[in-house]
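What follows is a single structure, written as structure tokens, with notes after it.
Residue numbering restarts at 1 for every chain, and letters A, B, ... go by the order of the sequence lines. All values below were derived from every heavy atom in this structure, side-chain atoms included, with hydrogens, water molecules and symmetry-related copies excluded.
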Number of protein chains: 2
Amino acid sequence: MTDSGTTAARPPTLAAVAARAGVSVSTASLAFSGAGPVAESTRERVRAAAAELDYAGPDPRGRSLRSGRSGIVGVVLQERVLEAFRDPINIAVLDGIAQEVSPQGRALLLLADMGESAHAVQTTVMDAIVLVACSPAIARTIEQARRRDVPIVAIGGPVVPGVLSVSIDDRAATAQLARHLADLGHRDVSMVTLPLDLDRTRGPLTAERIAASTTMVADERILGVRDVFPAAGGVVAAGSYVDEGVLAGHALLADPAHRPTAVVAQSDLLAAGVIRAAQECGLRVPEDLSVVGFDGVRVDDAVPHDLTTMVQPAAEEGRAAGRAVLALLDGPEAADGAAPEGVAFTCTFHRGATTAPPRATT
Amino acid sequence: MTDSGTTAARPPTLAAVAARAGVSVSTASLAFSGAGPVAESTRERVRAAAAELDYAGPDPRGRSLRSGRSGIVGVVLQERVLEAFRDPINIAVLDGIAQEVSPQGRALLLLADMGESAHAVQTTVMDAIVLVACSPAIARTIEQARRRDVPIVAIGGPVVPGVLSVSIDDRAATAQLARHLADLGHRDVSMVTLPLDLDRTRGPLTAERIAASTTMVADERILGVRDVFPAAGGVVAAGSYVDEGVLAGHALLADPAHRPTAVVAQSDLLAAGVIRAAQECGLRVPEDLSVVGFDGVRVDDAVPHDLTTMVQPAAEEGRAAGRAVLALLDGPEAADGAAPEGVAFTCTFHRGATTAPPRATT
DNA sequence: CTGTTAGCGCATTCAT
DNA sequence: ATGAATGCGCTAACAG
């Protein structure tokens, strides 16, 4: 009784509906789109015909070719799905975008895993794209979007002309954390950074690596620390995950003779990892080691401690990006060059229980 | 210097490229699609012309109208993004789908939040859709898809004819957990279930609620418990989150006079919540209370303990769904009714450290 | 191998 | 308020 695969009768078209209703295609179109004046009686007739034919409404393909709009908003993530969504900050941002965009009838196209995203932008229909957690490495993706005349909004991205930017005060916020540590009396501070390049190579934080970095967010946060501790060193993690934080923590704490008294991690997940590493080294937090994070996404127990961190308005950023997209699409009516402007958000300091004055040095 | 909004010169078309290369449009098309025989020299000329015009390749809109294929695979989630991705099982499934589908040049369209999904299916172009963690409540979505001739794959969904189903042995797997508890000597077992309806109402698990349930997965798992403990009661949670588990746990453990000796939670996150609730009640796990979960997704510390659970091949399920989608699209060459068949997976028992014999009753 | 001929299904002028 | 015409940009058949 499976009625699929038998006759393969194609779905009815608007033309079929119009014919059955005894009106022209254009009138039927108007009846559905709501635009333009249509007599109530006519509209009713069209509706009836549609119901009889089990017509599902105008085919999105025809509509998108004709109108130039598909209702699809691409969202580019750097990593594959599994990795990208390990960090709740990305989920929050995505949710924020969806909040603004889906009530307007737009759907989100997930472009995860860099390699593919450039290709997808080239071959998949979309009205605009949002770059999440982006680095200059997506230059190729940006290029493709440009050529297709697809407007771009970047969250935390490089400020390229023509790309609308939604950002936060990474540097200042991190500096605030660093100052907090300085005020507590810390002098020997290390950091754990987000990946600096596409390879996501782990390793010590060297001048060369910073010079070669392609990740703006990480760079800014490094600068923030050094605004307060100019000589601060650290290690580079391969991603914003707890286990990466553990690895980094061990790297930092391995040598009892050269342990920092505080660690600035560039994300809460990394901070959680550092704390665990500290515990594994027999250190107590915050008595023996202070740890601060970044993001402020409280998700169940991913971050067990009450972490001292900078709270980032992730959902707000997503929403701002969503709004920007809508503005870019709905309102090219900005006749006077009043193109939508970028938005900058501010993080707020949260003093948790993972920071304290350093132990008296022996 | 922002070159957008000035002259609005539309992107070049294939026709323009063809003209510049001095070939026909169809030849140019072949040169890009790779299908069909094209002389190397010609192809070269076309490529050159495209480069000169900064042509980004065939416009997906025209292509999708003409060919009927968009390369877009819709993924329907019941909750909004923020909630859906709180449970790593969903992320794993989504990643599995992406694994199969994106190397084939397909992109995922996120249809989160039920309400909108039916509308999106009606208005957004897509070649197929995958229903994740679905309940019969998406009937409307299914209807829309059908009318559009969009093939459907359901993961853990109701077995509707015409919908390809990817499932696991929920009932048998849960029964196995229950038997494990029975073997340990437990007789007084309660459960914490996933939401039974769209409202996601919390409350005691009553016969009426089960009768009115629209969630197949939850139903099956309840049956699994009752295969072993026919009289087992429990509470219904409002979602698969740790904090819901805490709530449910407190509900179950509130009265010291009527505490179960073991709890079967329908997800690992819920189990983690129950464990926390137990601790807050001054109970030790597993000495005073045994707890089992379901899913087996190890994600950093979301589930702090080594949980006794049934491990679900989440990524495999996603991949199976992805493959099914591809088969449905690439191969309607199943001339002989050899339509792709559904797949059923099996969970594997993991004995963790959260189960033990019950305390000797006083 | 290449060009010619047809539309895919629809939204939008412009008439009436 | 409705209808007739015109492509949107492209690919699939067929000719040659």
Separation of B/Arg45 atom CZ from C/dT2 atom C1', in whole Å?
11 Å
Strictly below 4.0 Å: does B/Thr42 bring a side-chain N or O up to OP1 or OP2 of C/dT2?
yes
Note: contacts of residues 22-32 of chain A with DNA chain C (heavy atom, under 4.0 Å) are A/Ser26, A/Ser29
Can you list every side-chain hydrogen bond (donor to acceptor under 3.5 Å, both in side chains) pair that touches residues 54-63 of chain A, not counting sequence neighbours?
A/Asp54-B/Arg147, A/Asp59-A/Arg61
Could you tell me whether the side chain of B/Val76 reaches within less than 4.5 Å of the side chain of B/Val130, counting heavy atoms only?
no
In whole Å, what is the span from the CG atom of A/Leu65 to the P atom of C/dC10?
12 Å
By side-chain contact (heavy atoms from CB on, under 4.5 Å), B/Gln122 pairs with (sequence neighbours left out) B/Gln144, B/Arg148
Pair B/Leu329-B/Arg69, side chain to side chain contact (heavy atoms under 4.5 Å, CB included): steps then yes or no
CA-CA 9 Å; B/Leu329 294 184; B/Arg69 265 172 176 42; 4.0 Å; yes
Does A/Arg140 pair with A/Glu143 as a salt bridge, N-O distance under 4.0 Å?
no
Applying side-chain contact (heavy atoms from CB on, under 4.5 Å), name anything that partners B/Asn90, two or more places apart in sequence or on another chain.
B/Glu79, B/Ala84, B/Phe85, B/Asp87, B/Val132, B/Ala133
Can you find a heavy atom in the side chain of A/Thr123 that is under 4.5 Å from one in the side chain of B/Pro60?
no
Expected list for residues 29-46 of chain B: side-chain donor-acceptor pairs under 3.5 angstrom, two or more places apart:
from: B/Ser33; atom 1: OG; to: B/Ser29; atom 2: O; distance (Å): 3.4
from: B/Ser33; atom 1: OG; to: B/Ala35; atom 2: N; distance (Å): 3.3
from: B/Arg43; atom 1: NH1; to: B/Ala31; atom 2: O; distance (Å): 3.1
from: B/Arg45; atom 1: NH1; to: B/Ala21; atom 2: O; distance (Å): 2.7

Could you measure the distance from the OG1 atom of A/Thr13 to the CG atom of A/Leu53? Nearest 0.5 Å is fine.
9.0 Å
What is the bend of the helix from C/dC1-D/dG16 to C/dT16-D/dA1 when you compare the axis at one end with the axis at the other, using five pairs each and rounding to 10°?
30°
What parts of residues 52-59 of chain A reach DNA chain C, counting only heavy atoms under 4.0 Å away?
A/Tyr55, A/Pro58, A/Asp59
Using side-chain contact (heavy atoms from CB on, under 4.5 Å) as the criterion, list what pairs up with A/Ala145, not counting sequence neighbours.
A/Val121, A/Ile129, A/Val150, A/Ile152
Stretch residues 11-20 of chain A: residues that reach within less than 4.0 Å of DNA chain D through a heavy atom
none
So, is A/Arg66 close to the C/dC8 phosphate, meaning a side-chain N or O under 4.0 Å from OP1 or OP2?
no
Would you say B/Leu82 and A/Ile91 make side-chain contact, with heavy atoms under 4.5 Å?
yes
With sequence neighbours left out, write down each residue that passes side-chain contact (heavy atoms from CB on, under 4.5 Å) with A/Ser26, or none if nothing qualifies.
A/Ser24
Roughly how far, to the nearest 0.5 Å, is the CG atom of A/Leu108 from the OG1 atom of B/Thr124?
10.0 Å
Have a look at A/Arg61 and say if it touches a base, only the backbone sugar-phosphate, or nothing, with a 4.0 Å heavy-atom cut-off.
nothing
Provide the full list of salt bridge (Lys or Arg N to Asp or Glu O under 4.0 Å) pairs with a residue in residues 90-102 of chain A, sequence neighbours left out, each pair given once.
A/Asp95-B/Arg80, A/Glu100-A/Arg323
At the 4.0 Å heavy-atom cut-off to chain B, mark where contacts on DNA chain D begin and end, going 5' to 3'.
D/dC8 to D/dA12
No-hydrogen, no-angle side-chain donor-acceptor test under 3.5 Å, A/Asp197 and A/Thr214
no
